[in-house]
Amino acid sequence: MSRLPSGGLIDRTQSLAFSFDGRSYAGHSGDTLASALLANGVRLVGRSFKYHRPRGIVTAGAHEPNALVEMRTGARREPNTRATTQELYASLEAASQNRWPSPAFDLMSANRGAGRFLGAGFYYKPSMGPAGGWERLYEPLIRHAAGLGRASALHDPDAYETAFAHCDVLVIGAGPAGLMAARAAGRAGARVILADGDLRLGGSLLSRRAVIGDAPAGAFAAGILAELAAMPDVRLMPRTTIFGAYDGGTYGALERVADHLPAPLPFTPRQRAWTINARRTVLATGALDRPIVFPGNDRPGVMSAVALTAYAVRYGVAAGATAAVFSAHDDAVAAALEAAEAGVRIAAIVDVRAAVHPVLAGRAKAAGIRLIQGEVIGTRGKTLSAITVRTPSGIETLAVDTLGVSGGLTPDLGLACHLGGRPVYDAARATFLPGPLPPGMNAAGAVVGRFGLAESLADGQAAGLAAAADAGFSAPPPALPRIDEAGFAAPSRSAPHSAESATAFWHVAAKGTAFVDQQNDVTAKDIAIAHAEGFRAVELMKRYTTLGMATDQGKTSSLAGLAMMAELTGLSLPETGTTTFRPPAVPVAIGALAGHHRGADFRPVRPTPTHGWAKAQGAVFVETGLWLRAQYFPRPGESGWRQSVDREVNATRAGVGLVDASTFGKIDLQGPDVGTLLDRVYINTFSTLPVGKARYGVMLREDGFVLDDGTTGRLADARYIMTTTTANAAKVYQHLAFCLDVLWPELDVTLASVTEQWAQISISGPHARAVLAQVVDGQDVSDAALPFMGAIEATVLGGIGARIFRLSFAGELGYEIAVPADAGTVLVEALMAAGRDFGITPYGTEALGVMRIEKGHVSGNELNGQTTAADLGLGRMASKRKDHIGRVMSERPALADPDRPMLVGVKPVDPAAVLRAGAHFLKIGAPAATAHDEGYLTSACHSPTLGHAIGLGFLKHGAKRHGERVRAFDPVRGADIEVEVCAPAFIDPQGERQRG
Amino acid sequence: MADLLAHLSPAEPVPAGHYGRPDETGVTVRRHDGMALATLIARRGAGDQLLAAAAAEGWALTDAPRLSPGPGLDGVGIAPGRWLVSAERTAPEDLIARLAALAGPAGTVCDQSAGLMILDIGGAQAAEALAKGVGIDLHPRAFPPGAAASTSVAQVALTFWRMQGEDAPCYRFAVPRSFAPAFTRWLAVSAAAFGVRFCDSIRG
Amino acid sequence: MLIPCPYCGVRDAREFTYLGDATVRRPDPAAPDAAEAFHAYVNLRDNPAGPHSEHWYHGAGCRRWLVVTRDTRTHAVLGAAFAGEAGA
């Protein structure tokens, strides 16, 4: 409950002021928030999840179940931060969670009476109660009572980033085994990464008092770290937690770059998510202290025995004025003796076993510490003031304010199991150990049950050498450091762990509320309820009781719960098994995984070649996939987008308009077999296309549905240029590559995507030819020289290589002029100048959409993956003389069914009515029910050319029903509009304009 | 840091200037405009013939993801029998004509001069900055001068290679034109901690 | 998961697009049983536990289709070759 006069890896010359729940305290550089709170006597740090019980600090590490706090304020406020890993910094602000109004006086602690509702199965049982009970009673009750911290609802002001790293040997954990492994691999010449979540590398060497060689453990660690830091191919990664193991030696890691600072330094992220590719991995994550379940074990002041020692040795903090230790194995006894040596007053060690190791017993006696055989059966005090101990000779009460507890050591083996490995039970060590390891991984030290210091160091070195050798770097094994096994200063961790020293001990049989999982408020009774109600399989027990969920994922609590269930079922622990370990092993912010890609950079924004020009023209832009395209070009005085779009359409149909069509996919195909390939991917024939001409084509997926459409032109005998829809550019390339790589590798065709190379500007309208004639370099563009669907190469604007295609999506006389992308702006400016006398008007995607609906051209709304060529009215295009992809499947009865809805146009009977895509077609008078559904409206707009709404859609027997009236029924948006069915082409059905 | 680019349009490449840590320039970015670029693709079964035709012109073209410098041009393997060819101070049509003549019936050529942005990224911290998006191992043992890779960086599919004859590592990136904003924005943010200068672009 | 592209080298699986079984062959569209054969080709797949040869497209790299042999039980990638050259 105070700072010890000396010791610890803290800088006592540096005092750091901080606040907790609004009160000011001081700590030192090197403290965690938890150690600083303990040094200030703050033992009550929050209220529990369901029952609002007062809780204190339990551990000194990332597996902390209780001491979760809200860090920082305002936009940086972050809930559920473990005080045990949060480094102290000047002016740190933290607050306890889940208490009102304060952790010491919490009105919600009345929930202890509501425990009946919140016990095992509380998520499920209320939903089976009377109707309305969930919404009105249980959900509000649970929502008000349960929960952890509050998230900030504000935009996170900090940046995050991702990064990749590569190594021969990744060492996970920088404790005794990890340090030895990294040094051995590094000396062998391997590229090594040593990652550990702690700010300071060294693991248990920092928090225990062993002597290695002639040096204290901490100095030994520092020596190895200095050697590693000097190796050019070794990367030390403190504050970096490996959170996931993935296939192929890939690991996910989270580096807390700036969590130890009030705010990130300029130009650095708050956190960095690493992807590490390792040829070999040494897992050296160590072992965690295991709690014992006994009545009153959640009272503030009850903590892990190893944590009690860690606070004393590493942080120079006595967690209490007088402590006892409740143990079931020798390492806990040794830890207690080390805490005493560091200056903590230890009144007694209560051990469940008949005898502890004689060397330890002797040391305890010499230190004046009582060694009691017995069990703790109860605790007292708001924060701990006394414990009740049951001994063979009776009940005894000890006045202590701190109790260190350890029932055994649990290897921290989650990463060994992320790829599906199952832990195996080791009866001698009374714990689960990693089973078969993932390819490329070996494990060393306490994580594989080698709990002793000497064996851990040796094991780590051997694992590091083996990993390096596997990666092609061999070196002779260096001599191992000498460890004094006899002297008091080199204690007990070096004493070999014998089978006798680890007695499986999970819980105390005594009356009273005993917690298995403090984070989720799961009690021993809840395990019994789950058993009684049949939720006995471990995965069911976990979900029924919530044992092992949330931020700590049951790292300390799970095993006891499994053991207690095993006792109830009568099965052995191996038969009972463990729940599944999945990434992430520690909480990871989504922002860290997203890195740079959020907000404006969520995904790439692709500008068209004329973006800058369009912006200068005042265009309003719209995202179409990744592309950013001009949507419309408002002019001063226009009241809204409709007015602008109507003007753009009218100007184009009456004069000439211009649009950037560069976003269409463009694929260059060359070789003698291009025609053959195209005949096989399009439903219609391209091998007979003359040079200098283009043709509209439809391609199917092999299942018979339409994949894409577009125009493909033949520029030379063995050279075609294909256009795809904007959305399907990459998909069509992939499809063609599949045809050439997989289906018909004998075809002599080369493919190249040239989408980025060409800017393509479309001009449409009666004056289009006159405009075009002014930009070409003397090329004859008369109807005779460049007829409809002509495709020629020419030069424009004095020598710019261009391709000119005579076609128009708008249904007017039109040309698409392609020039190298860097000449796109020059071309568009020249076209604007050439068309000035004709009132040339730039238009955007809205007007383009209106004009293609007026013309009855299908687009993405119709090519939706569920339509066939016949549905689109394009069935007659299919050549009967050849096979093509999708032909056989398109003839399946359901796809050839004449009842399938097919493309029609519709116009409202009331010219003032507004149509919206998505409405379903019903016969007049038919009930609005699925059984009467006759199709749906896919595209709709206001047609400025016709002066009323128009739409395209799919209607059963649509081709035969022109002139009939149906309902366009849209219950979602409350519309029910009578429409007349017509041909899809509303204007110029014979196509005279485009051939003009 | 998140606001480093807040004043810029996400649809436009990052303009010339110094970004991030003001007292250092750990990364330098220089854009080449007007370099001639083309894809050269071996026809089915004609790979060896194409390599022989290149060799006859003194161009040791190799069918691998590597830089193959030749007289007045550079080839970079991007796929089996496929190269991205670049030539400085050359008109695109001249490169196309030269490659078409070289390849004859053994290969096909496509102009990409306007389709790719060429960026040289160098400086003491270039590799460290690039590792924030480049998943390829850039360690000198794994990615020596002349090594090339086609990969995805910050959601952008691109090709890059380590240039030869430079003291400090320098990487040349060929980025699809419409992805130039996304790529340069990612680069500016990733290199900001080291200080990054986007130099005025050079022609040729 | 990492896939050893025969051209590009070892790459993260996120650079690739998965298609599926690489052992199925596009049937003869002129055969009398073409309808049945195409139904099987398009829709019917085995679900083997163990090594499985499957098509992956290296879209972010060389844009070639590969035949990758993957153990469906462990995700171990046992090999990769260009489609058309795989002999599978």
Side-chain angles (χ1 to χ4, degrees), chain B residues 39-45 47-48 51 61-68 75-84 110 112 115-116 131-139 141-144 146-162 173-176 179 182-183 186, chain C residues 1-30 38 41 51-88:
Chain B
T39 40
L40 171 65
I41 310 170
R43 292 258 304 277
R44 188 72 74 190
D48 290 342
L51 294 179
L61 193 59
T62 52
D63 193 4
R66 276 208 298 277
L67 174 67
S68 305
V76 170
I78 54 177
R82 183 183 283 252
W83 297 267
L84 174 63
C110 256
Q112 302 283 6
L116 296 167
K132 295 176 186 181
V134 174
I136 310 283
D137 187 357
L138 296 179
H139 189 279
R141 283 210 293 266
F143 205 77
S150 295
T151 184
S152 175
V153 177
Q155 305 182 22
V156 179
L158 48 71
T159 297
F160 75 99
W161 57 99
R162 185 169 164 191
F173 278 71
V175 181
F179 287 98
F183 181 79
W186 164 80
Chain C
M1 197 167 90
L2 303 176
I3 293 176
C5 173
Y7 183 83
C8 300
V10 175
R11 296 295 176 85
D12 194 289
R14 284 172 289 187
E15 290 197 356
F16 299 79
T17 304
Y18 179 76
L19 181 70
D21 193 349
T23 63
V24 292
R25 289 283 168 273
R26 189 170 192 267
D28 175 4
F38 267 86
Y41 169 64
H52 187 225
S53 73
E54 45 198 32
H55 279 131
W56 292 75
Y57 173 64
H58 195 188
C62 60
R63 301 189 191 179
R64 285 286 298 260
W65 281 90
L66 309 181
V67 174
V68 175
T69 309
R70 178 181 64 100
D71 191 317
T72 58
R73 297 164 303 182
T74 61
H75 287 274
V77 174
L78 308 171
F82 293 120
E85 300 171 11

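Lettering follows sequence order; numbering is per chain, from 1. Small disclaimer: the values here were computed from a predicted structure and weren't measured.
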When the 4.5 angstrom heavy-atom criterion is applied to D63(B) and chain C, the contacting part is both
Looking at [X] and [Y], what are the two nearest heavy atoms and their distance?
X	Y	value
S152(B)	A60(C)	CB-CB, 3.7 Å
R11(C)	A149(B)	NH2-CB, 3.5 Å
F82(C)	P80(B)	CZ-CG, 3.2 Å

Within a reach of under 6.0 Å around CG of D71(C), are more than 12 heavy atoms found that belong to other residues, nucleotides or ligands?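 More than 12 heavy atoms, drawn from other residues, nucleotides or ligands, come within 6.0 Å of this atom.
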Under 6.0 Å from the CZ atom of R44(B), do we count more than 12 heavy atoms belonging to anything else shown?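 Result for CZ/R44(B): enclosed.
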Heavy-atom pair count under 4.5 Å with chain B, highest-scoring of R14(C), R64(C), E15(C):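 Top count of heavy-atom pairs under 4.5 Å with chain B: E15(C).
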With chain C, which of T159(B), V156(B), T151(B) has the greatest number of heavy-atom pairs at distances under 4.5 Å?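 Winner by heavy-atom pair count: T151(B).
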